[in-house]
Amino acid sequence: MVSKESCRNEIRAAIRQLSDRCLYSAAKWAGEQLVGIEQDPSNFTPSNTRFQRGSSSIRRRFSTNESISTPQPSVGFSQAATPLPEEDETIDGDLYLLAKSYFDCREYRRASHVLRDQTSKKSVFLHFYALYLAGEKRKEEEMIELEGPLGKSNAINRELVSLERDLSALRRTGAIDSFGLYLYGVVLKEKGNETLAIASLVESVNSYPWNWSAWSELQSLCTSIETLDRLNLNNHWMKDFFLGYAYQELRMHTESLAKYDYLQGIFSFSNYIQAQTAKAQYSLREFDQVEIMFEELLRNDPYRVEDMDLYSNVLYAKEACAALSYLAHKVFLTDKYRPESCCIIGNYYSLKGQHEKAVMYFRRALKLNKKYLSAWTLMGHEYVEMKNTPAAIDAYRRAVDINPSDYRAWYGLGQAYEMMGMPFYALHYFRKSIFFLPNDSRLWIAMAKCYQTEQLYMLEEAIKCYKRAVNCTDTEGIALNQLAKLHQKLGRNEEAAYYFEKDLERMDAEGLEGPNMFEALVFLATHFKNHKKFEEAEVYCTRLLDYSGPEKEKAKSLLRGIRMAQTGFPSMDLEHFPI
Amino acid sequence: MAGLTRTAGAFAVTPHKVSVCILLQIYAPSAQMSLPFPFSSVSQHNRLGLYLLSLTKSCDDIYEPKLEELINQLRDVGEEMDAWLTDHLTNRFSSLASPDDLLNFFNDMRGILGSLDSGVVQDDQIILDPNSNLGMFVRRCILAFNLLSFEGVCHLFSSIEDYCKEAHSSSAQFDASNNDLESLIHYDQMDMEIYAIDKATEELELQKNVNRSVPFHLHTPEAIFKVIEGWRVSPKESSRTSKKITEATLVASASSSTVEDTLVDESLFLRTNLQIQGFLMEQADAIETHGSSSSFSSSSIENFLEQLQNLAPELHRVHFLRYLNKLHSDDYFAALDNLLRYFDYSAGTEGFDLVPPSADCSMYGRYEIALLCLGMMHFRFGHPNLALEVLTEAVRVSQQLSNDTCLAYTLAAMSNLLSEMGIASTSSVLGSSYSPVTSTASSLSVQQRVYILLKESLRRADSLKLRRLVASNHLAMAKFELMHVQRPLLSFGPKASMRHKTCPVSVCKEIRLGAHLISDFSSESSTMAIDGSLSSAWLKDLQKPWGPAVVSQDSGSRKSSTFFQLCDHSVSIPGSVSQLIGASYLLRATSWEFYGSALMARMNTLVYATLFGDHSSSSDGELAYLKLIQHLALYKGHKDAFAALKIAEEKFLTVSKSKILLLKLQLLHERALHCGNLKLAQPMCNELGGLASTAMGVDMELKVEASLREARTLLAAKQYSQAANVAHSLFCTCHKFNLQIEKASVLLLLAEIHKKSGNSVLGLPYALASISFCQSFNLDLLRASATLTLAELWLGLRSNHAKRALDLLHGAFPMILGHGGLELRARAYIFEANCYLSDPSFSVSTDSDTVLDSLRQASDELEALEYHELAAEASYLMAMVYDKLGRVEEREEAAALFKKHIIALENPQDVEQNMA
């Protein structure tokens, strides 16, 4: 276990270095983790610890001041895995300072130009980085200017070629630092050279692990567990963050949760970890828990927009209209032009049944980010509600093409085709969705229903699916009931009885009643009576007697039949029983 | 700008168009002069005018020449003033230093247009009529430019810079080349080397130029063509005149060139929707024609499609092409994936947009087409049960949405599936879900279902005027009539007569009806719009001039058929139509094969191979080759057949589900049997059986063939009872699957077995049964050979039946000699001799020539066939006759021949070695 103090010191230094290089999002991330570390009570007054969560801004200023006043105070003993690199210049060059201010004003090309002949590592990196961003910015603009008749244009970042050339030259001469390697990795990835990109990024994070941006780029390249396992990474606590994230994206939620659990030991107040844990729990469908986590998260960080779309999904699933509208309002005030905010509003309208408006907001979310996966899927759902199946199919398909393992979208596709009366065609999509999430009973049940449709009527296959659903702990109890009914339909009374009994057990355990209950009881009573197991039959009959309605009459007549059969002759006295 | 280009058919200003504009300015300067400055004669001026006309006409094409190519062409057009022209062009480009210059340039362009209303036109003034072709072009360019936003102008400006930069590097060298075309090539190649492009791309580059220069003049009328013909045949082209190469690499190079294009200047590629759709259709056709004949083309198409998809993600037809490509390279999962993706995105509407969209369909999409395609895909990949399920669903959905067109197609596909697969246990497959039109027919046999489906499909197609479907249904019907025994349908029960027969007249009728398609198409050119299938008609239209003018010139006689020239000139014959017509010829060949006219069969196959070989799908082409090779084997002996096979193998072995291997095994087996090499025959036979699927009912033809050969091998090994067993079980199978025609040949085989085993009495009924089958199915040749067997059986019964046998034989002789293969003829001759010899009333000494003639004929034919057993018999008989006649020398000769054949028969391995 790494000591909290050493972590703290590492991060403090890293934040400075990252923001010196204008890697702001990595710096932001590191900052979040820094305040996520539980403060050492001996260093702080009790009041300080109490306010730790609430008034983080005050403390953050405090801690930064501290690190500035004593630059790199604990370099001596924070050498657990990787030494913090010394800055190559203690006094920044004037040109660097100018360039950085240009950069901060988003004048990338200008910044890059100022630094064109600089040799210090920091300046060199900033030069290239600014150039890259300038190219990206131009690319975005060209994308709109050049949009072809059939969608996307071929706009590319025109700086990539020269960047790749210069960076690889730097790398050959060994003059590249870990930040340069990060940028090189990004450029290679954009150029489509994934293996080299991975190698470069791995080298970067091994020499400088605190750059979260490098880790996330690396994650985006790890599309399979095999690639992930093949990475040769040094041990560092940042690696655990990375693994947690990567596992989550590879749908290994329990592994990911374990990682986050471990990390929470150090970063016990990290919002990031909490949000990630919530995400994993959401995938495991622990909605209540997720809701609580998000509520707490919002209390600590009321203006957070990231991951809030997930929270809105939870609220949607729980049909909490008021809470959802409150969330939407809050997020809207914070930043209305975030895809997450649009998605939340879309969810709200969807819950309210105003699907056109929902679609509008999902569209806006997609305008802001074309690759925003969940918006595509949710829009598909809306179109399904609006009975516009082709549009729904289109939306789902886009989601699937962005991320082929999105089981929701596959499921949606299947559903849409089933709605159009093409169950056989739909089966393929259900199969796909099950392939990605084999342990979800809902998917199995959907597939079984598809087999059961009158057009296909492939009952044997349906039975197989329901069996799988039962094995996946079907919470809604559809599978057992359907299994029993199907067996009954196929004249396999033994099996039918078995499943009816199981279903009955389940209903008893959950304290449910309803038509399914009656049906099961009636069937079981008749079945056992026919098989001359009168005692069991009687038990079920008497249970039936507890209810009113036609079932009661049925039970009575059954009971009479049982008595008759038991005694071997029509017993007259039964007729005179008081009813 | 973004909004503008998005509209379909938009006319975008490109660097190439700017250079055409510059040339137009030269052609018609606004100054008042009768003959503008650089031109020395009127004809020179007109020449440039014609060239410009062809340029403007071809500017809607998907490829645009690079500046370098344009300069090359100018060189040929401009003659002595070419240097001035190119100089002017490049100078004009280099003078465009800022976007403002562009603006001014297009303002100046306005000046060369004459005004519409000013009636006063001086005679010596050259003014472009704004309504002429050239004037329209200028107006379109100006309009398109004026609609550009400033960003658009900037982009145009920078792409012009690229356009010039590309040419610049090479133009310096061209200037030095003094118009020497020979050295031009050298420079070209040096150029390549300088730019370090490896050998392969150089090759491609060259071929690209060849191919590219052809579609470049798509719209060019022939008159103009002649003018520029002279320079069109540049050394590059003539160095590669062989059209075959061009054709084979067409796909590859076309795609690779576009890939390069897109790398160089992608914006050039994103043209109007219509252009790209047409281009994709062309590619689709190419995929079908070439199949997976070379793996290179398949992967390069894939590369190209990927590129295209990156550029235009909303162009969903790319997915369909990918599906086609994967389908032809037998990649099931990728094909399935792409098919589904295509329909998910497009709802089946894009790409099928030649059909006028009816209001009710657009709302729901046309997913029934997806089902139809999916069904056909499963069929192709050999999943008949899945295919049937999917097609059933397609029928249901298209009924629901009342899409009759799709329904007709689906029914046709279904009948095709059923007839090809001959599914035995359809009832269990279909289960209760089988609910379409044929729900009443659940008790019917597969054949009857096929018949009903075909009838239904034909009826619908007829009423919907889907000509191609009608034609292909007629062909399917003909095939059905040919293969299946007609029985009164739907009137079952004891009263219905159970007489089996086929009706050649109706086959002929159906084939003729199918072939009507071609006249329909030539009489009516607007059919395309009505007929809603994936046709590439209009693109073919564009491609027309390349047929007669260019190709026939370079490649000689390959396409010199009058038929196609006629069609090419009058109307467009879409590939699918010519494919169908071609199929009708193949079917004719097959039917003649059945009815026993070898000549007619061969002729029809040849017609197909020569006329339709280029347009056909690779599997049809293969079939034609197979037929020809089989014909060779039967009539010319094995050597020729194997030589031909080698050629066919090179051409078709990569085709998926190639039947070449099958044919090869058959030929090898046949030859092994003839040579008496049973050790070789047995494994061949086993392998043949291995080719057949183990699943019941699938590829019945192959199964029957395998067991037939097994029985024959056993027969040759003199294991009569086993052979008879195999034949018996084969007969039962044929009966079960209603394969009436095969039954006849199995019966004949049984008779043969009994004959060989010396059990003539048992053989007789089989032979008679076979004859009666043949009679009712009109299988004349088979009947002749059955008659021969019958005669042999009679003779085998007792030698005093010789007269009767001879009568039978003479009855069958015309057929046998006219159409029979070498083996059959030889057998007949030998048998005739045998008859005479065993006839007690026949005296050798007086009538020796009759016998000897037949025997000589027989041994000649057997020589080609290497059939040692029969040959030995013939020479034995000959020796005996000579012995009787006392001609010792000839006797010895015949005896030596006999010995040779016997030795060869006993040591087949030696012969093999000699052969090797």
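By convention in this document, chain letters (A, B, ...) are assigned in the order of the sequence lines, proteins followed by strands, and residues within each chain are numbered from 1.
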Closest heavy-atom pair and its distance - B/Tyr367, A/Met420: CD1-CE, 3.3 Å
Can you name the residues that form a salt bridge (Lys or Arg N to Asp or Glu O under 4.0 Å) with A/Arg363, not counting sequence neighbours? none
Hey, is NE2 on A/His113 packed in by over 12 heavy atoms from elsewhere, all under 6.0 Å? no
Any heavy-atom pair between the side chains of A/Gln455 and B/Thr392 that's under 4.5 Å? no
CD/B/Glu389 to CE/A/Met458 distance, rounded to the nearest 0.5 angstrom? 5.0 Å
Taking a cut-off of under 4.5 angstrom between non-hydrogen atoms, the residues of residues 400-408 of chain A near chain B are A/Asp401
Which atoms of B/Ala394 come close to chain A, meaning under 4.5 Å heavy atom to heavy atom: side chain ones, backbone ones, both, or neither? neither
Side chain, backbone, both or neither: which part of A/Tyr429 has a heavy atom under 4.5 Å from chain B? side chain
Main-chain N/O of A/Tyr425 paired to B/Glu393 side chain as donor or acceptor, under 3.5 Å: yes
Could you walk me through whether B/Asp344 and A/Leu413 pass side-chain contact (heavy atoms from CB on, under 4.5 Å), step by step? CA-CA 9 Å; B/Asp344 285 346; A/Leu413 277 171; 3.9 Å; yes
A/Arg431 CZ: over 12 foreign heavy atoms closer than 6.0 Å: yes
Apply side-chain contact (heavy atoms from CB on, under 4.5 Å) to B/Asp337 and A/Lys432, showing your working. CA-CA 11 Å; B/Asp337 208 43; A/Lys432 274 271 190 191; 4.3 Å; yes
Applying side-chain contact (heavy atoms from CB on, under 4.5 Å) to B/Glu151 and A/Glu142, what does each step give before you reach the verdict? CA-CA 9 Å; B/Glu151 291 98 314; A/Glu142 281 194 349; over 6 Å; no
Determine the option with the most heavy-atom pairs under 4.5 angstrom with chain A, choosing from B/Leu336, B/Val397, B/Leu371, B/Leu374. B/Leu371
What heavy-atom pair brings B/Arg396 and A/Gly421 nearest, and what distance separates the two atoms? NH2-O, 4.0 Å
So, for A/Asp394 and B/Tyr345, which heavy atoms are closest and what is the spacing to 0.1 Å? OD2-O, 3.2 Å
